[in-house]
Amino acid sequence: MMTGIRAAAIAVAAFGLTMAAPASAQIFLKSPNFAGARVTGAEPGVLLPLPDARPEELRAAMVWSMRAGLNVAALQCQFAPTLLTLNQYNYILADHSAELAKSYETLHGYFKRRNKNPKAALTALDQYGTRTYLGFSTVHGQLGFCLTASRIGSAAMFAPKNGLAELAAARMMEFRNSLKPAGEQQFPMFLVYDQQRLPRLDKACWDGKNQLKKNCR
């Protein structure tokens, strides 16, 4: 006889197959809410620190940071092709090339202002870019990040010319929030696989009766 929990899990899975939602939303039955407030770029955790940056430099940095996040998603989210993160990113590069180029030059101008030596300025810019990319790395939060990147990428595709700065201001906090671990919201007790709760598996954590020691929980 099928147990109640197993029957419920199968029912949940069947429910997921019949959901009338677009394919791009099928990572979750009910997605986590990563919504965040509008930002200027000066808020903690939105950008890497840019001391004494002017408002236009912060806007440029947000555009460039959003582009970096979408680039990371294009590479890391291909396990879910329906999210279209690679296609979106390539389209954004082509359709918003002028604004992206202007943002890069403005950000470069910030580092030239802070570093009088041209080579040092370019090195600082490259280091900033590398750290920005690394800032979008996530393991436990990958599903939420990929779904959010797809949604932001879709919005970027349909943004008007020179509209990426406005989009970044509206959604960069959401993008950052999506890096945090979050699972299924509709039926979490059945569908969330929380790797952070897995016990340690090394022998030092298990006693002679095959019981997990308290200090390893």
Side-chain angles (χ1 to χ4, degrees), residues 24-25 27-28 31-77 83-85 88-89 91-93 95-114 124-183 185:
S24 62
I27 281 184
F28 299 106
S31 304
N33 182 6
F34 297 117
R38 182 183 177 86
V39 294
T40 66
E43 299 82 357
V46 176
L47 299 172
L48 292 173
L50 292 170
D52 301 320
R54 298 164 180 165
E56 64 272 19
E57 293 167 339
L58 290 174
R59 286 195 298 271
M62 283 205 296
V63 169
W64 202 247
S65 183
M66 184 175 70
R67 183 208 60 82
L70 295 175
N71 190 1
V72 171
L75 297 172
Q76 292 188 357
C77 302
L83 294 181
L84 302 175
T85 54
Q88 291 172 346
Y89 181 68
Y91 182 91
I92 292 163
L93 289 184
D95 198 50
H96 294 283
S97 57
E99 185 176 4
L100 290 171
K102 181 179 178 181
S103 296
Y104 178 84
E105 288 304 318
T106 301
L107 190 57
H108 190 190
Y110 166 82
F111 286 103
K112 288 193 287 187
R113 184 162 59 84
R114 301 278 297 182
L125 175 60
D126 288 342
Q127 291 174 343
Y128 183 87
T130 298
R131 291 195 296 268
T132 296
Y133 276 101
L134 293 175
F136 283 99
S137 296
T138 182
V139 177
H140 297 302
Q142 187 178 34
L143 295 181
F145 165 72
C146 288
L147 179 59
T148 302
S150 175
R151 291 172 173 173
I152 293 175
S154 178
M157 285 177 60
F158 293 100
K161 297 294 184 183
N162 298 312
L164 292 185
E166 173 61 26
L167 179 64
R171 304 193 65 173
M172 271 303 297
M173 186 59 76
E174 176 188 357
F175 214 175
R176 289 298 184 190
N177 289 343
S178 75
L179 295 166
K180 303 172 185 177
Q185 302 299 297

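All heavy atoms count here, side chains included; hydrogens, waters and symmetry mates do not. All residue numbers refer to positions in the sequence shown, counting from 1.
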Any side-chain to backbone donor/acceptor pair from Gln127 onto Leu125? Under 3.5 Å, distance only.
no

Backbone N/O of Leu164 and side chain of His96: donor-acceptor pair under 3.5 Å:
no

For Tyr133 and Asn71, work out which heavy atoms get closest and say how close.
OH-ND2, 2.9 Å

Over all atoms of both residues, closest heavy-atom pair of Ser65 and Leu47
CB-CD2, 3.7 Å

Check Thr148 against Ser178 and note the closest heavy-atom contact, atom names and distance.
OG1-CB, 3.3 Å

For Ala155 and Arg171, the nearest pair of non-hydrogen atoms, with its separation, is CB-NH1, 3.7 Å

Any side-chain heavy atom of Arg54 within less than 4.5 Å of one from Arg113?
yes

Testing the basics here: between Leu50 and Ala61, what is the closest heavy-atom pair and its distance to 0.1 Å?
CD1-CB, 3.5 Å

Is there a side-chain contact between Pro51 and Tyr110 in this structure, where contact means two heavy atoms from C-beta onward sitting under 4.5 Å apart?
yes

Do Met66 and Met62 come close enough that some side-chain heavy atom pair is under 4.5 Å?
no

Does any non-hydrogen side-chain atom of Asp126 lie less than 4.5 Å from one of Phe111?
no

If you round to the nearest 0.5 Å, how far is OG of Ser154 from CD1 of Ile92?
8.5 Å

Straight-line distance of Leu134 CG to Leu48 CG, nearest 0.5 Å:
9.5 Å

As an exercise, state the distance from OG of Ser103 to CG of Asn162, rounded to the nearest 0.5 Å.
9.0 Å

Any salt bridge between Glu166 and Arg59, counting N to O under 4.0 Å?
no

Does the side chain of Arg67 come within less than 4.5 Å of Tyr89's, by heavy atoms?
yes

Do the non-hydrogen side-chain atoms of Lys161 and Glu99 ever get within less than 4.5 Å of each other?
no

Roughly how far, to the nearest 0.5 Å, is the CG atom of Leu179 from the CD atom of Gln142?
11.0 Å

Would you mind checking if Glu174 and Arg151 are paired as a salt bridge, meaning a charged N to carboxylate O distance below 4.0 Å?
no

I'd like to know if the side chain of Thr106 reaches the main chain of Lys102, judged simply by a donor and an acceptor atom lying under 3.5 Å from each other, with no hydrogens or angles considered.
yes

Between the OG1 atom in Thr85 and the CD1 atom in Ile152, the distance rounded to the nearest 0.5 Å is 12.5 Å

Can you confirm if the NZ or CZ of Arg176 lies within 45° of the ring axis of Phe136 and under 6.0 Å from the centre of its six-membered ring?
yes

If you take all heavy atoms of Ala149 and Leu70, which pair is closest and at what distance?
O-CD2, 3.5 Å

Spacing of Phe158 atom CZ and Leu167 atom CG [to the nearest 0.5 Å]:
12.5 Å

